[in-house]
Amino acid sequence: MRTEKRKRTEEAAVCAGTADAPPGGPAAGWRTAVGSALGLACGPSVLAVMTFGMFIAPLHQEFGWGVPAIGLGASLLSLTVVVVSPVQGVLVDRFGGRRVVLCSAPFFALALAAMSLLPDSLPVFYAAWVLIPLCGTGLWPVSYLRVTAGWFDRGLGLALGVANCGIGVGTVLVPVLAAALIGAFGWRAAFLGLGATALVALPAACFLLVEPSPRAARAEAVGDTLGAAATRRPFWLVLGAFLLLGAVGTGVVVHQIPLLLDAGIAPRTANLVPVALGLALVAARIVTGWLLDRFTAARVMTVHLLGGVVAVLLFAAGPNVPAALLAAALAGMLIGAEFDVLSYLVPRYFGRRAFGRIYGVAFSVFQIGGAVAATAIGVSRESHGSYTPAMLALAAACLLCAALFRGLGPYRYDGRTPPAPEAPPHLPHAGREAELPANQGAPADGDATPAPER
């Protein structure tokens, strides 16, 4: 009985952030966050997704393929990620993020480098863009975010912000590298360079990523399964919110430059406007993480979404250059906040037991929203001769998304008082101690959220 009480006390201490520091102490956690940022900067979210558009013109020039035909490769990539993300979540929950990263990195690097051998065959091209995200299964964000989150409760938001900022940094730097390689050596050499860059994930995982201590791992066993989470209202609100966020973010990223060209902005200037979005995205990763440790996710996202409304309304009006820069910066702040918030919401509403699975499902839904919006906005542009109706629809989506976040309610796992554990089986003659609830005594007002249903 004392062993059981001691186990519960340790789990409660870890959840409350008052446990003794695990081996390696806070330094191991922050080293993991930095390693995660480095891995994400060189992962498929950047090397495959953010550079895809840079190869459209060279491929069109060499093979004569139509732009829509090449663009179908991006759609196949997104649809493959929809399938891969839940599988990745299961693998990460079972084996840990570090192992999954180490197994995936070599295959992803080889798949990218193999694109340098691409023949004049669209079927081969399409198969390649299914294979690349499959080979990078373990390198999508959840692997890094789960291992980072395992080290933190207090300061969780900032730690996740540091990890997520890797995607923002990569979004700014990697396209510059790819453009330089394409200009100097051609697109085939650029794919070889991207494959070599992907190998950075190996030393990052080997020397910087550290799996949480056994004590923290016991705390990670607390929480809902995916099935239990799906019975709770916040789960569906989160999925609805990230479906809309995927539509808004992807719609802006994909159609931003054509929209600016329609507004009469010179091509060279229009191509520089996304830099403002990228810089804002990097800043948003850190700022949002810091805010999440001080304010609820609903409040933080409401502010970002109102900024998103302003951004898409500016785009709808056919902006001049200053307005376009402001709109891009506001959109970048919203896009930069998305995955900080998702990786923070999962442990706060559902615990850490099925972090990977729940995150993977939400990430898949996000990708579906993005794929639908990218196509629908293009169709709207062709039908109406303007991006204005589509941008007005995105403004409405931002407002609806804010309403979904406001409906989430208080955190169930707030990092101070863990939800009450399941009652132990009744033992005869165990004494009064066995009959008392493990979490006896009500917390002070505002000190914690209610325990989950048993």
Side-chain angles (χ1 to χ4, degrees), residues 45-46 49-54 56-57 67 71 74 165 167-176 178-179 244-288 301-338 369-370 373-399 401-402:
S45 297
V46 174
V49 176
M50 293 299 181
T51 64
F52 183 93
M54 306 187 72
I56 292 177
V67 173
C165 79
I167 295 178
V169 173
T171 298
V172 173
L173 298 181
V174 169
V176 175
L244 295 173
L245 285 172
V248 173
T250 304
V252 168
V253 169
V254 170
H255 293 280
Q256 180 181 198
I257 292 177
L259 185 152
L260 297 177
L261 295 175
D262 281 358
I265 295 176
R268 179 172 295 182
T269 304
N271 285 327
L272 292 176
V273 169
V275 174
L277 187 149
L279 293 174
L281 190 151
V282 174
R285 300 291 189 188
I286 302 297
V287 171
T288 300
M301 282 306 294
T302 297
V303 172
H304 283 307
L305 284 161
L306 291 177
V309 171
V310 174
V312 294
L313 289 179
L314 287 172
F315 283 135
N320 56 24
V321 172
L325 291 172
L326 175 60
L330 290 172
M333 292 297 292
L334 174 60
I335 295 168
E338 292 163 349
T375 302
I377 292 172
V379 171
S380 174
R381 165 65 178 80
E382 292 298 318
S383 300
H384 297 93
S386 167
Y387 279 103
T388 298
M391 293 299 107
L392 293 176
L394 292 185
C398 286
L399 294 174
C401 187

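When a residue number appears, it is its place in the shown sequence, counting from 1.
- Across Ala270 and Ile265, no two heavy atoms sit closer than the pair N-CG2, 3.8 Å.
- Of the inter-residue distances, the one linking Phe315 atom CZ with His255 atom NE2 reads 12.5 Å to the nearest 0.5 angstrom.
- For the pair Met391/Leu259, a side-chain contact is recorded, criterion being any heavy-atom separation below 4.5 Å from C-beta on.
- Counting only distance, with no hydrogens or angles, the side chain of His384 and the backbone of Ser380 share a donor-acceptor pair below 3.5 Å.
- Of the candidates Leu306, Leu313, Leu314, Val310 forms a side-chain contact (heavy atoms from CB on, under 4.5 Å) with just one, namely Leu314.
- Pairs of residues two or more places apart, or lying in two chains, that qualify as salt bridge (charged side-chain N to carboxylate O under 4.0 Å, His left out) and include a residue from residues 244-267 are Asp262-Arg381.
- Met301 contributes atom CE, which lies 6.5 Å from atom CD of Glu338 (distance to the nearest 0.5 angstrom).
- Minimum interatomic distance between Ala395 and Val309 (heavy atoms only, all atoms of both residues): O-CG2, 3.8 Å.
- What you find for Leu245 and Cys401 is that their closest heavy atoms are CG-SG, 3.7 Å.
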| request: List the steps, then state whether side-chain contact (heavy atoms from CB on, under 4.5 Å) holds for Leu305 with Leu399. | output: CA-CA 7 Å; Leu305 284 161; Leu399 294 174; over 6 Å; no

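- Scanning all heavy atoms of the two residues, the minimum distance from Leu334 to Cys398 falls at CD2-SG, 4.4 Å.
- Of the candidates Leu325, Val321, Leu260, Val321 is the only one forming a side-chain contact (heavy atoms from CB on, under 4.5 Å) with Thr269.
- Side chain of Thr388 to backbone of Ala316: a donor-acceptor contact under 3.5 angstrom is found.
- In terms of heavy-atom proximity, Ala276 sits nearest to Ala328 at CB-CB, 4.2 Å.
- The shortest non-hydrogen separation linking Ile377 to Leu394 is CD1-CD1, 4.0 Å.
- Atom-to-atom distance recorded for Ile335:CD1 and His304:NE2 is 12.0 Å, nearest 0.5 angstrom.
- A donor-acceptor contact shorter than 3.5 Å links the side chain of Thr171 to the backbone of Ile167.
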